[in-house]
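Both ligands and their constituent atoms are indexed starting at 1 by order of listing. Nothing fancy with the numbering, it's 1 onward along the sequence. Keep in mind the model is a prediction, meaning the values are calculated, not measured.
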Amino acid sequence: MSTAPMNRIHGTPRHLVQIASKEELIQQRLAEERLRLEREARIERGEVNHFHKPIERPFTRSQRDITTILFGGLTWKHEKLVQAALASLGYRCAPLPVPNKRAFQLGKEYGNNGQCNPTYFTVGNLVQFCQSLEEQGLSKQEIIDRYVFITAGACGPCRFGMYEAEYRLALRNSGFDGFRVLLFQQEGGLNQAEMEAGLEMNLDFFLGILNAMNIGDIINDVAYQIRPFEINPGETDRVLDECMDRLHEAMRRRRPWRLDGQLGAWLKKGGLQGTAEYLGKFLNQLYSDELMSALREVRARFDSIAVDRTRVKPLVKITGEFWAQTTEGDGNFNMFRFLEKEGAQVIVEPIGTWICYLMHQAKQEARDKRGLDLLANGVSKWNIPKVLGSHVNTQKKLALLTVAEKIFKREYNRIIDALGGLAHHLADQYELQRLGHPYYNTRASGGEGHLEVAKNIYYSNKDLCHMVLSLKPFGCMPSTQSDGAQSAVVAHYKDMIFLPIETSGEGDVNAHSRVQMALGEAKMRAKKEMKAVLEETGMTLEEVQGFAAEHPEMQRPMYKYGHRKGVIGVAANFVLHAAERMKAARRARVYVQ
Ligand code: SF4
């Protein structure tokens, strides 16, 4: 006699029915207990109303000519180029002013409590700008109708994921309810199939932004490397202004690559026009000389600034949270100008590092999730086609990300070369991971993740700076975490000069005085290094200066002088190089005689 029917209830295995009824029993008991506790606490249960993102008025193509797209949060150099890139695609756009303390106060007034410093500054800055438009005579409705704001969106553990909601809240509280906030990562909301979007986030858009970011990064770096050594005060800033105008114009005049003519028509017939145009745009990006020729002009202009590299200056690497280490205003106590005024040379942090970090993290995630889809769907390991398919998909994703990484670095390096090879190359993400992971789990995302810790070790270990200054906003969760990890780093790397500064809307004097103290130590180190180099070469500073004066090419910013392992400062490395040249010149003289 078969026992099967006894093990099944209505065809369902008996043990599953028992589990289901146990689960029901637990749920029932929970509900009863909840009710009892609510009665005890006299809690009346009303209807639950969850928050829903408000449905926003779309920004459509027909509004493009009468709508200005606002953006901000970077340096003025990046923003000027982003503006040009968007203008070249036919958009009206304008960067917001650099956020100031008044913006911070407005952010606090109209936003949620308990936000991080960058949220207050950036959110308040948009409110302040809208208020300034009102003061100029525009009505609130005109501002709401004629302007939109674009920002990057994200999800994740830090407040960056809440920026969009914060902008909306502050705008509503300040009387600009209905002001449109667009997200880079926006999906849905505006159905592109039904109506044409006002802002098309297509390949042209992303390539334009990418070029603007990369050129902005590199020109920013170049200017910070020249300014401390300029012989004529103010010359670097004058040249920078001029060069930014030139680059703005070159980017604004650029037109997106299109597949036109007979070939285009022929491919269209075959249904291949989309793919061919996509490919053409990429190749145009990789091989076009349009922007490169403008960059070479800019390089020549920068190279005309006379510099004196024998000035001993401590090199200060800036790290920290993305916005705090980028902004050039009250948001970080105007720290870069302060450092330069105090006699330091600043190494600014490029946005490119962050972009590479995102790609690197995406690769890590793809590797970590390999095969999870099979587990989730209960696919047997013997289901060879499905198992293989899943692994091929992961490999494809990884290959695409690797290609993206390589293309990004290639483009970045191409700009560095066009601008004279003076700017720093991007730090290798795999090395940053290797250095940072023992102190900060590289899978812990949010904010700068492990980068803050890793960059501190990277720049100190590779003799690239005398001191690391980490700018960390108050209320920043990821920065607070990495602060804890930095104690272990500093304990291990005893020679490191590391100073974390919490940025806020107030407390400039305190922050500046702490920086002055750490900088004093870095200055001592730079002087000691210079003294050792002079002793080693047997030269005096005056001799080196005299030799450089006789060789005008040595006073050019793009002049190459090398970097010796163990020697950090520009002046010390320049003396080593000059000494070699001087000795070679002496030898040549003796030989001729
Ligand atoms: S990283 Fe920190 S400061 Fe930046 S948005 Fe996130 S929480 Fe705010």
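No cation-pi contact links Arg434 to Tyr430, judged by a cut-off of 6.0 Å to the six-membered ring centre and 45° from its axis.
Checked against atom 4 (Fe) of ligand 1, the N, O or S atom of Glu321 at the shortest distance is OE2.
Contact annotation: Cys476 places no N, O or S atom under 2.8 Å from atom 8 (Fe) of ligand 1.
Ring-plane geometry between Phe104 and Tyr120 is classed as perpendicular, the angle between the planes exceeding 60 degrees on a 0 to 90 degree scale with a lower cut at 30. Classification of the Tyr224-Phe336 ring pair by plane angle, with boundaries at 30° and 60°, yields perpendicular.
Closest protein heavy atom to atom 5 (S) of ligand 1: Tyr163 OH, 3.5 Å. Nearest protein neighbour of atom 6 (Fe) of ligand 1, counting heavy atoms only, is Cys158 SG, 2.5 Å. Atom 1 (S) of ligand 1 has Gly447 CA, 3.4 Å as its closest protein atom, hydrogens excluded (heavy atom only). Remark: minimum distance from atom 8 (Fe) of ligand 1 to any protein heavy atom is reached at Cys116 SG, 2.3 Å.
Ring centers of Phe333 and Phe338: at least 6.0 Å apart, outside the cut-off.
Near Pro118, meaning under 4.0 Å from any of its heavy atoms, are these atoms of ligand 1: 3 (S).
Under a 4.0 Å heavy-atom criterion, Phe160 is in contact with ligand 1. Contact annotation: Ser479 has no heavy atom less than 4.0 Å from any atom of ligand 1.
When all heavy atoms of Leu519 and Ala344 are compared, the closest pair comes out as CD1-CB, 4.0 Å.
Between Glu328 and Lys77 there is a salt bridge, since at least one side-chain N of the basic residue sits less than 4.0 Å from a carboxylate O of the acidic one.
The backbone N or O of Asp217 lies less than 3.5 Å from a partner atom in the side chain of His78, making a donor-acceptor pair.
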